[in-house]
Amino acid sequence: MDILITGLILGGTYALIALGLNLQYGVSRIMNLANGEMLVIGAFVAFTLFTVGQVSPLLTIFLVAPLAYVLNWLIYRIMLRPLVNRAKNRGMLEVDAILTTFGLSFVMVGIMIWAFGGDYFSYSYLARPIVIFGDNFGLNRVVAFLCAAVLCAGLFLWLNVSRAGMAIRAVAVSPENARLVGIDVPKLSARAFALGGAVTAVGGAVISTFLTLDASTGVMFTMKALIIVIMGGVGDVRGTILAALVLGIGETFVASVIDPGLTLVAAYALFILILLFRPQGFFGRKPT
């Protein structure tokens, strides 16, 4: 039970990290390698507001989300939209986007080091135990899981019920056919990329309550998010959530039963197995 609950809490955190990248790649066709840096920026903002003004990170997310949305919209319009316009096919776009966002990640790391320094940062928020089924768990981690659950449920419902959400899903499935029914694909792609960045930054603000971070840790979160997106299926919110929970439980099981040093090995081994036997993701269909 301890492994299961700890794994679910960890998986909820992973889902929060990966949802943003799934939106960006699934809709905008941009594999954003600077996704982890956006998460760290959200964490830096939460850390700064809490240490300077004692502002709760749970309130900070209402500031982080719109700011990150605007920043990511500008990044897409200024840096990435020209790549989309000149790309002759999807393969060319993905290569250009990977190279561009890879460089952008280093730019963002440099700016964060210049602004905040290169030291690790952390703060104490809700850092007290809570008993669940007889075991102690950090209250801040449980709150992060609940935030992830609310955000995942809200995003899933919005994508499946609202008109705008269904239009985004249509673009994710087929941009060419979406144009035929009057959907403004460039406009929705920019919005999806911006929304994905906002979700990622909110995730950073939430996980900053219990993780120690620095300006260069973004790449670790980018890799975890990439694993989850591929496992769950590109553009599928359900798959992202399930993949995050599976990864969280798997890593917790390996750390508890075998060796904590093998958690990263377990994550990549699971990733390789998915690529070999289920490359379309958990809910994807095999190509005909």
Side-chain angles (χ1 to χ4, degrees), residues 13 15-50 55-84 97 100-101 104-105 107-109 111-112 115 144 147-172 183-208 213 218 221-222 225 229 235 237 240:
T13 304
L16 205 55
I17 295 170
L19 274 176
L21 182 62
N22 200 359
L23 271 175
Q24 291 177 333
Y25 186 45
V27 180
S28 305
R29 302 297 193 270
I30 301 294
M31 178 52 70
N32 182 16
L33 296 187
N35 180 69
E37 281 66 37
M38 190 59 59
L39 181 142
V40 177
I41 289 176
F44 265 128
V45 173
F47 166 77
T48 302
L49 292 179
F50 183 80
V55 180
S56 167
L58 301 182
L59 295 178
T60 301
I61 61 178
F62 295 102
L63 173 65
V64 167
L67 291 178
Y69 183 94
V70 173
L71 176 59
N72 280 270
W73 186 86
L74 291 174
I75 289 174
Y76 183 86
R77 294 294 300 176
I78 296 172
M79 295 184 59
L80 301 175
R81 186 63 203 173
L83 303 181
V84 176
T100 302
T101 56
L104 177 62
S105 68
V107 172
M108 295 172 73
V109 169
I111 293 174
M112 285 189 286
C147 289
V150 170
L151 183 60
C152 291
L155 190 59
F156 179 79
L157 290 175
W158 181 73
L159 288 173
N160 286 274
V161 175
S162 71
R163 185 179 181 87
M166 287 187 284
I168 286 179
R169 290 175 58 209
V171 174
I183 295 176
D184 190 339
V185 173
K187 185 177 181 179
L188 275 186
S189 295
R191 288 181 176 177
F193 188 88
L195 180 60
V199 171
T200 299
V202 168
V206 171
I207 69 171
S208 69
L213 305 169
F221 295 110
T222 299
V229 168
V237 175
T240 298

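Here the structure is a predicted model, which means the values were calculated and not measured.
Of all heavy-atom pairs spanning Ile17 and Asn35, the tightest one is O-ND2, 3.8 Å. Considering all non-hydrogen atoms of both residues, Gly197 and Met38 come closest at O-CG, 3.7 Å. The two residues Ala43 and Ser208 come nearest to each other via the heavy atoms CB-CB, 3.7 Å. Nearest heavy atoms, Val202 versus Val64: N-CG1, 4.0 Å. Nearest heavy-atom pair across Thr60 and Ala46 is CG2-CA, 3.8 Å. Across all their heavy atoms, Ala148 and Leu16 have their closest contact at CA-CD1, 3.8 Å.
Note that CG of Leu80 and CG of Leu74 are 11.5 Å apart. Values are rounded to the nearest 0.5 Å.
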Report the C-alpha distance between Asn32 and Thr200 in whole Å, list the side-chain angles of each, state the deciding distance to 0.1 Å, and finish with yes or no for side chain to side chain contact (heavy atoms under 4.5 Å, CB included). CA-CA 11 Å; Asn32 182 16; Thr200 299; over 6 Å; no
Side chain to side chain contact (heavy atoms under 4.5 Å, CB included) between Ile30 and Thr100, worked out: CA-CA 10 Å; Ile30 301 294; Thr100 302; over 6 Å; no
Stepwise, does the side chain to side chain contact (heavy atoms under 4.5 Å, CB included) test hold for Leu213 with Phe47? CA-CA 10 Å; Leu213 305 169; Phe47 166 77; over 6 Å; no
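Put simply, the side chain of Val109 does not reach to within 4.5 Å of the side chain of Val40, judged on heavy atoms. With a 4.5 Å cut-off on side-chain heavy atoms, Met31 and Leu21 count as touching. A 4.5 Å side-chain heavy-atom check between Ile168 and Trp158 finds at least one atom pair inside the cut-off. Residues Leu67 and Val45 fail the side-chain proximity criterion, which asks for heavy atoms closer than 4.5 Å. The shortest distance between side-chain heavy atoms of Ile207 and Leu39 falls below 4.5 Å. In this structure, the side chains of Val84 and Pro186 stay at 4.5 Å or more apart for every pair of heavy atoms. Between Glu37 and Leu104, the closest side-chain pair of non-hydrogen atoms is not below 4.5 Å.
For Thr48, the side chain to side chain donor-acceptor pair (under 3.5 Å) criterion is met by no residue, not counting sequence neighbours. For Phe50, the ring-ring contact (aromatic ring centres under 6.0 Å, His included) test picks out Tyr123, Tyr125, with sequence neighbours left out.
Within the structure, every pair that satisfies the side chain to side chain donor-acceptor pair (under 3.5 Å) test and touches residues 65-76, not counting sequence neighbours, is listed here: Tyr76-Arg81.
Between the side chain of Thr101 and the backbone N or O of Leu33 there is at least one donor-acceptor pair closer than 3.5 Å.
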